[in-house]
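Read the structure below first, then the notes.
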There are 2 protein chains.
Amino acid sequence: MRDVAERAGVTKQTVSNVVTGRVPVRPATEARVRDAIAELGYVPNLVARSLATGSTRTVGLFVPTVRAPFYAELVEHVEDVLEERGHRLLLCTTRLDGERARRHLAGLTSRSVDALLIAGDQGLTGHLPLLAGARFPVVLCAWEAGLPDGLPDGFPVVTLDYEHGGHLAGRHLLDLGHERVAVLASPAHGVRVAGFRRAFEEGGIALPDSAVHLAAEPTFRGGLEAAAAALRAAPGTTALFATHDLLAAAAVEAARTLGLSVPEDLSVVAHDDTPEGLLSRSPLTSVVLPKRDMARQAVEVALGALDAPASADLRPRLLRPELVLGDSTGRAPAHGGARRTVRP
Amino acid sequence: MRDVAERAGVTKQTVSNVVTGRVPVRPATEARVRDAIAELGYVPNLVARSLATGSTRTVGLFVPTVRAPFYAELVEHVEDVLEERGHRLLLCTTRLDGERARRHLAGLTSRSVDALLIAGDQGLTGHLPLLAGARFPVVLCAWEAGLPDGLPDGFPVVTLDYEHGGHLAGRHLLDLGHERVAVLASPAHGVRVAGFRRAFEEGGIALPDSAVHLAAEPTFRGGLEAAAAALRAAPGTTALFATHDLLAAAAVEAARTLGLSVPEDLSVVAHDDTPEGLLSRSPLTSVVLPKRDMARQAVEVALGALDAPASADLRPRLLRPELVLGDSTGRAPAHGGARRTVRP
DNA sequence: GGGTCTTGTTTTACCGGTCAAAGAAGCCCT
DNA sequence: AGGGCTTCTTTGACCGGTAAAACAAGACCC
């Protein structure tokens, strides 16, 4: 920068003014400076700028993994929003490894990010106090644990109303006349199941625990097994609620294997299927989560909080999912869908 | 830091020595400094350190997307290797948007990363000259375009031998006695197909273009359609090669739908299925790519090149995939698998 | 008992920018 | 022509560390 200044016959500060554009510079001077910049191939050093301004224009994002489509999408959405605001993304996948997460958190406590987003309850709740003294805003998002009653205190939270998502799914099946239903769930998705159950309770139908089948693993295979178990256990079942996309896709294939057609014999409603139904034969009816909105709000809270740290609104923001119709749900068959067709 | 120094009755430099541990400090002094650090809650400022040392301990990674399992895994592997070496990950997903990538590249040209990894030919070849003048090492990895003949010049390349992967798959099917085979491929996977074809040519069997079915989209649905098309077009087909995991999983389901069992009537070999076969009914026979190795070598080349910029070895490193047996392949049926069972 | 090592600590300068205040032109106006 | 305004440019300090050389103080040595 000094070389550029010399060559253009001005001071460093004037070069800085030209580069940042924050202070007006006379056209003639600016031209000289720009020429010098071009001739010398000068590129400003962002690290130095960060040191001087106190802002790195980088935001940290912690997710449990990017191998789950939910988080992969979230990462890209966050990146999009950050890009709009001229920020970069520092990513840490914690793999649910608390120790690992702790190390990374420790690595950030010095001002190397402008803000930190922690997505997904990752068993990090225990480490949150570590962040209490952070000198930058920390926002929790996509936080399912603690819902529907309480969320961690002391940090802004931007998350999804998973309970409402489950409720939407339940409501939808009820509206279609389904009364004998089962749930395929991942162990971590209790909140979604709770919402689903609430919908049925409101409809005067109690959903027994035996109707909830946990998938041992969040894989296609796990979904197949859970679905097969569910349909065998209650042959009169006319609809399934799957708490995530892969389980739902597996449920559809399991039904086909058992000789049931979807949605004629069996309806399947998913929670958080990818909008395009990448994993399934045809687009599924699914509760769709406003991930993009969540990403935007999380970033806005995080970066907005920079300006007004004290006034940061700590009431959790719960974004509402929507039900998007696909072709995997239909009216309950007159005489209990799976009853007669399932081969035991 | 100055406050800490004052409180401990030493200079900044001594505090620095204690914190970095690079220079020995007398135990008594060190204790005083550590106490002062603890009392004041001092945390070193990494930005300032970066400015002084010229190293940010951050590595940039460009991938087309993290929604594809291949890249999601790669990102996590890279992160693991970086963590071992005490570096952080700055992620940019380009979404195959050249303009976007260009902007991000421009944002990095100042020394905000120690090195840059560009994974996946992303139509970025045109932008590479932009990086020719970069002041940090740039390594290309997972670069499929240009194989098997040539790879971009001027940058170190650490990539996978996709051609060999296809060859392994072909060799395997030949060994099992399959002669009438078809390929389900993504348009971008020409190299894998070429390797597969070479294996058959070496076996004296020409694979006609009509045996290669492109999936319109890299989805389950796209795979189903391509598989169905393949099996209808050549009813005598006894084996399929699918160039990526989702296509392969779809192929298995398509076969079932057509009344074929896998592997009795139809063998399916995948390229780059996730090791655990997350998407399929059972683990598929698949060419497995040494992603972790690739990540490690890419990072090592990138960070190693820091020390010896001139001696950087520019010969492309091609890592060899392996064939991992699952239960989706078996000997070719005596009388052409799909021939009699496929309903047209 | 003065050179020569070690070892630990300080000095001085620098990394490459930005900020805020002060200074210098140029313009307008009465 | 001189005072008051703008508008642009320079000055000097600072962001928070690290590098390298200089310095002090014992320990060792013959």
Side-chain angles (χ1 to χ4, degrees), chain A residues 1-37 40-58 86 107-114 134-136 306-307, chain B residues 1-37 40-58 86 107-114 134-136 306-307:
Chain A
M1 187 172 205
R2 198 192 34 209
D3 298 345
V4 172
E6 262 171 37
R7 180 161 196 132
V10 295
T11 32
K12 277 200 314 182
Q13 184 60 46
T14 300
V15 177
S16 171
N17 292 341
V18 169
V19 171
T20 63
R22 256 190 283 283
V23 175
V25 173
R26 195 189 311 162
T29 314
E30 170 163 357
R32 286 211 316 282
V33 172
R34 291 211 180 283
D35 285 353
I37 287 177
L40 295 170
Y42 162 77
V43 176
N45 181 322
L46 295 189
V47 176
R49 180 179 294 173
S50 291
L51 179 58
T53 59
S55 156
T56 56
R57 302 198 78 73
T58 299
L108 292 181
T109 39
S110 49
R111 314 195 43 80
S112 44
V113 294
D114 285 356
R135 304 212 188 76
F136 45 80
L306 276 175
D307 303 334
Chain B
M1 187 172 207
R2 197 192 34 210
D3 298 346
V4 172
E6 264 173 35
R7 182 164 197 130
V10 295
T11 31
K12 276 199 314 180
Q13 184 60 46
T14 301
V15 177
S16 171
N17 291 343
V18 169
V19 171
T20 63
R22 255 190 285 282
V23 174
V25 173
R26 194 188 311 162
T29 315
E30 171 163 356
R32 287 212 317 283
V33 171
R34 291 212 180 282
D35 287 351
I37 287 177
L40 295 171
Y42 163 77
V43 176
N45 181 322
L46 295 189
V47 176
R49 180 179 295 173
S50 291
L51 180 59
T53 60
S55 156
T56 55
R57 303 197 78 71
T58 300
L108 293 181
T109 38
S110 48
R111 313 193 44 82
S112 42
V113 293
D114 285 355
R135 304 211 188 76
F136 44 80
L306 276 175
D307 303 335

| note | Quick tally for nucleotides 5-12 of chain C: nucleotides whose base has a protein heavy atom under 4.0 Å get B, sugar-phosphate-only ones S, the rest -, giving ---SBBB-

| message | My understanding is that only residues two or more places apart in sequence, or in another chain, count here; which of them pass side-chain contact (heavy atoms from CB on, under 4.5 Å) with B:Arg26? | response | B:Thr29

| Non-neighbouring partners of A:Val23 that pass side-chain contact (heavy atoms from CB on, under 4.5 Å), sequence neighbours left out | A:Asn17

| remark: Between CG of A:Asp3 and C1' of C:dG16 the distance, given in whole Å, is 11 Å

| Whole Å only: how far is the CG atom of A:Leu40 from the C1' atom of C:dG16? | 15 Å

| field | Inter-axis angle, terminal five-pair segments of the helix from C:dG1-D:dC30 to C:dT30-D:dA1 [nearest 10°] | value | 50°

| query | When the distance from CZ of A:Arg2 to P of D:dT11 is rounded to whole Å, what number comes out? | reply | 15 Å

| request: Ignoring backbone atoms, establish whether B:Ser16 has a side-chain N or O less than 4.0 Å from OP1 or OP2 of D:dT18. | output: yes

| Note, B:Arg135 side chain near A:Val43 side chain (heavy atom, < 4.5 Å) | yes

| task | Give the rounded distance in Å between these two atoms: CE of A:Met1 and P of C:dC15. | result | 14 Å

Protein-nucleotides 24-27 of chain D N/O pairs closer than 3.5 Å?
none

| Got a second to check how far B:Leu40's CG is from B:Asp35's CG, nearest 0.5 Å? | 10.5 Å

| query | For B:Val19, which residues count as a side-chain contact (heavy atoms from CB on, under 4.5 Å) partner, sequence neighbours excluded? | reply | B:Val15, B:Ile37, B:Tyr42, B:Pro44, B:Arg49

| request: Grab the CD-C1' distance between A:Glu6 and D:dT10 for me, whole Å please. | output: 15 Å

| message | Under the rule for side-chain contact (heavy atoms from CB on, under 4.5 Å), what residues qualify as partners of A:Thr56, not counting sequence neighbours? | response | A:Ser50, A:Thr58, A:Asp114, B:Val47

| message | What's the separation between atom CZ in A:Phe136 and atom OG in A:Ser112, rounded to the nearest 0.5 Å? | response | 7.0 Å

| Residues in contact with DNA chain D, drawn from residues 42-52 of chain A - heavy-atom cutoff 4.0 Å | A:Leu51, A:Ala52

Check: residues 2-12 of chain B side-chain donor-acceptor pairs under 3.5 Å, at least two apart:
unit_1	atom_1	unit_2	atom_2	d
B:Arg7	NE	B:Glu39	OE1	2.5
B:Arg7	NH2	B:Glu39	OE1	2.6
B:Thr11	OG1	B:Thr14	OG1	3.4

